[in-house]
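For reference, the structure discussed in these notes is given below.
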Amino acid sequence: MANFQKLTPRSEDYSKWYNELVVKADLAEQSAVRGCMVIKPYGYAIWETIQQELDRRFKQQGVKNAYFPLLIPKSFLSREAEHVEGFAKECAVVTHHRLMNDPNGKGVVVDPNARLEEELIIRPTSETIIWSTYKNWISSYRDLPILCNQWCNVMRWEMRTRLFLRTAEFLWQEGHTAHATKEEAEEFAQRMLNVYADFAENVMAIPVIKGVKSPNERFAGALNTYCIEAMMQDGKALQAGTSHFLGQNFAKSFDVQFLSKENKYEYVWATSWGVSTRLMGALIMTHSDDNGLVLPPALAPIQVVIVPIFKKQEDLDVLMTRIQPLADKLATMGIRVKVDTSEKATPGFKFADYELKGVPVRLAMGGRDFENNTIEIARRDTLTKETISLDGIEEKIKALLDEIQQNCHRKALDYRIANTRECNSYEEFKEEIKKGGFLLCHWDGTPETEELIKNETKATIRCIPMEALPGYKEEPGVCMVTGKPSAKRVVFAIAY
RNA sequence: CGGGAAGUAGUUCAGCCCGGUAGAAUAUCUGGUUUGGGACCAGGGGGUCGCAGGUUCGAAUCCUGUCUUCCCGACCA
């Protein structure tokens with residue numbers, strides 16, 4: 001089974017705690033290739049649930065799944081100047097197509113005669129290959145809109161990597177849409193942001209701020225980038241999803257025009273939007289504690305685990321006459337339930353292990369419970385437990401799962417609120433930002449000012465909120481650095 | 001990519017300074033006793049010491065290169 005060593009407490013070393021948790025909770029591990037991770041079955045089960053929930057929501061918006069190739073001709077990337085600038089430094093390049101036996105007899109080497117005429121780039125994102133394809137799909141306004149999404153892997157050659165948070169290869173979905181009008185594209189980019197926000201809040205139980213990125217933080221090639229920003233337990237910000245209004249940049253670069261109702265050629269309007277396995281990092285750093293992972297029930301691969309406590313096989317057989325019907329009933333109610341009858345570990349070990357894995361509800365039944373028609377029920381989010389009657393237990397469990405889902409969200413929201421405050425002077429800002437959290441400040445809207453603040457404090461504008469945060473009003477003011485006018489406060493934080 | 005640290009059994013680590021052919025804990029396997037918060041006893045198996053060169057009669061140990069991980073920095077839609 002798992003290891004016995006306790007996790008490093010969060011208060012001692014937050015990133016060490018994170019690294020240990022990811023490995024010990026069996027979510028992922030390092031691979032032989034630098035910066036690339038192996039996502040283990042338990043971690044992948046969570047990702048699959050994320051995928052299912054999002055995929056359903058995308059399809060409700062009329063989006064269809066497709067698949068575009070991993071490799072992109074090098075020339076495509078240079079078609080959009082800003083775009084290539086954003087990614088050029090972190091692209092993996094395929095230069096050859098054949099290996100051969102080493103003439104010196106030491107395994108295989110790259111065949112120097114197999115150099116590619118045009119080098120291929122492993123996709124860092126797929127805008128270019130998709131727009132070169134959309135060109136062939138679009139000729140009339142009747143062909144629009146095109147709403148496609150793909151679930152795939154991408155590669156960005158990151159210098160410093162961390163499991164889930166920043167890996168060289170990661171899994172994500174990227175949606176790419178083409179529209180006839182600017183308004184429709186803008187609206188769609190925002191609509192997908194709302195899909196992400198709804199998903200984050202209600203499924204992942206992560207409170208997020210919906211906002212617009214400042215020019216410095218905008219996606220390369222976009223006219224506007226929308227985002228959802230979340231606060232982690234260490235007070236740092238993590239971008240949980242983005243949606244871009246790409247204008248006509250890619251349509252012009254790839255010459256994608258359509259004939260309008262008025263019989264005129266026009267360039268199409270584009271959006272793209274994505275979330276990645278980084279969400280796994282957000283999930284971990286929002287809810288988990290020093291005992292291990294804490295999963296909101298909606299994403300837990302096992303929502304309820306039942307641990308029989310027994311001495312002999314006969315005792316187990318007796319207990320199972322009550323446990324099995326309960327497990328069956330829960331399963332028919334759509335609850336993901338596991339009964340752990342293994343004799344490999346003692347109950348105490350199992351308790352600790354399921355806590356490490358973040359199972360929301362744990363039931364334990366021993367001989368005493370059997371006599372009394374009771375069961376011990378423990379919840380992961382509060383680490384509390386009580387012994388209750390078996391009568392009506394199924395409905396209580398269902399209600400408890402809902403309650404845990406709510407509580408995970410409420411705790412995370414309380415934390416964010418407690419660590420969000422206004423800040424009016426730059427002197428104060430420099431001190432406050434060291435404590436972490438979100439600082440709501442006035443900013444003059446210039447990249448220069450943002451750059452200055454970043455260089456001096458490492459803090460960046462996480463977003464310009466689209467709506468006032470709970471408890472705050474949108475009011476004009478003056479920039480904390482330059483004193484120039486500011487329409488409203490923006491969110492500053494140190495970011496992952 | 002720059003600075004620092006590290007890589008030895010599945011895992012955590014000792015051994016390295018001062019070269020002589022590898023050890024602990026834990027996990028794993030077997031048998032038994034156990035089981036309401038990380039059980040105990042006994043026995044067994046498991047490592048080309050990250051990889052590649054070099055020095056040497058002999059290298060986990062010394063030298064060179066390289067790969068990977070962690071921390072700090074730069075970078076990061």
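Because only heavy atoms are used, hydrogens play no part in the values below, and waters and symmetry mates are left out as well, while side chains stay in. In the text below, chain A, chain B and the rest are named by the order of the sequence lines, each starting its count at 1.
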- Phosphate contact (B/C72 OP1 or OP2) by A/Arg160 side-chain N/O below 4.0 Å: yes
- Message: Quiz question: going by heavy-atom distance under 3.5 Å, is there a donor-acceptor pair between the base of B/G36 and the side chain of A/Lys311?
- Response: no
- For A/Asp369, answer base if it contacts any base atom (sugar-phosphate contacts may also be present), sugar-phosphate if it contacts only those atoms, and nothing otherwise; contact means non-hydrogen atoms under 4.0 Å. base
- Task: Measure from the side-chain heavy atoms of A/Asp353 and tell me the nearest of B/A74, B/G38, B/U34.
- Result: B/G38
- Query: So does A/Glu355 reach the base of B/G38 with its side chain, donor to acceptor, closer than 3.5 Å?
  - Reply: no
- Task: Using a 4.0 Å heavy-atom cut-off across all strands, classify A/Phe170 as base, sugar-phosphate, or nothing.
- Result: base
- Message: Rounding to an integer number of angstrom, what distance separates B/C17 and B/U64 when you compare their P atoms?
- Response: 15 Å
- Message: At less than 4.0 Å, is any side-chain N or O atom of A/Asn291 found next to OP1 or OP2 of B/G37? Yes or no.
- Response: no
- Task: Return the orientation label for the A/Phe188 and A/Trp273 ring planes: parallel under 30°, perpendicular over 60°, tilted otherwise.
- Result: tilted
- Message: Once you apply a heavy-atom cut-off of 4.0 Å, does A/Thr125 come out as touching a base, just sugar-phosphate, or nothing?
- Response: nothing
- Query: Mind checking whether A/Leu293 and A/Leu27 have side chains closer than 4.5 Å, heavy atoms only?
  - Reply: yes
- Do the side-chain N or O atoms of A/Arg34 get closer than 4.0 angstrom to the phosphate oxygens (OP1, OP2) of B/U69? yes
- Query: When the nearest nucleotide of RNA chain B is assigned to A/Ala220 and to A/Arg362 on a heavy-atom basis, which residue is associated with the more 5' position?
  - Reply: A/Arg362
- Ignoring backbone atoms, establish whether A/Ser15 has a side-chain N or O less than 4.0 Å from OP1 or OP2 of B/C71. yes
- Item | Atom C1', compared across B/A60 and B/C18: separation rounded to whole Å | 15 Å
- Item | Any A/Gln30 side-chain N or O less than 4.0 Å from OP1/OP2 of B/C70 | yes
- Message: Check this one for me: any side-chain N or O of A/Lys458 less than 4.0 Å away from OP1 or OP2 of B/G73?
- Response: yes
- Query: Base, sugar-phosphate, or nothing: which does A/Gly35 touch, judged by heavy atoms less than 4.0 Å apart?
  - Reply: sugar-phosphate
- Query: Would you call the rings of A/Phe250 and A/Phe254 parallel, tilted or perpendicular, where under 30° means parallel and over 60° means perpendicular?
  - Reply: parallel
- Query: Which is true for A/Gly274 with a 4.0 Å heavy-atom rule: it touches a base, it touches only sugar-phosphate, or it touches nothing?
  - Reply: nothing
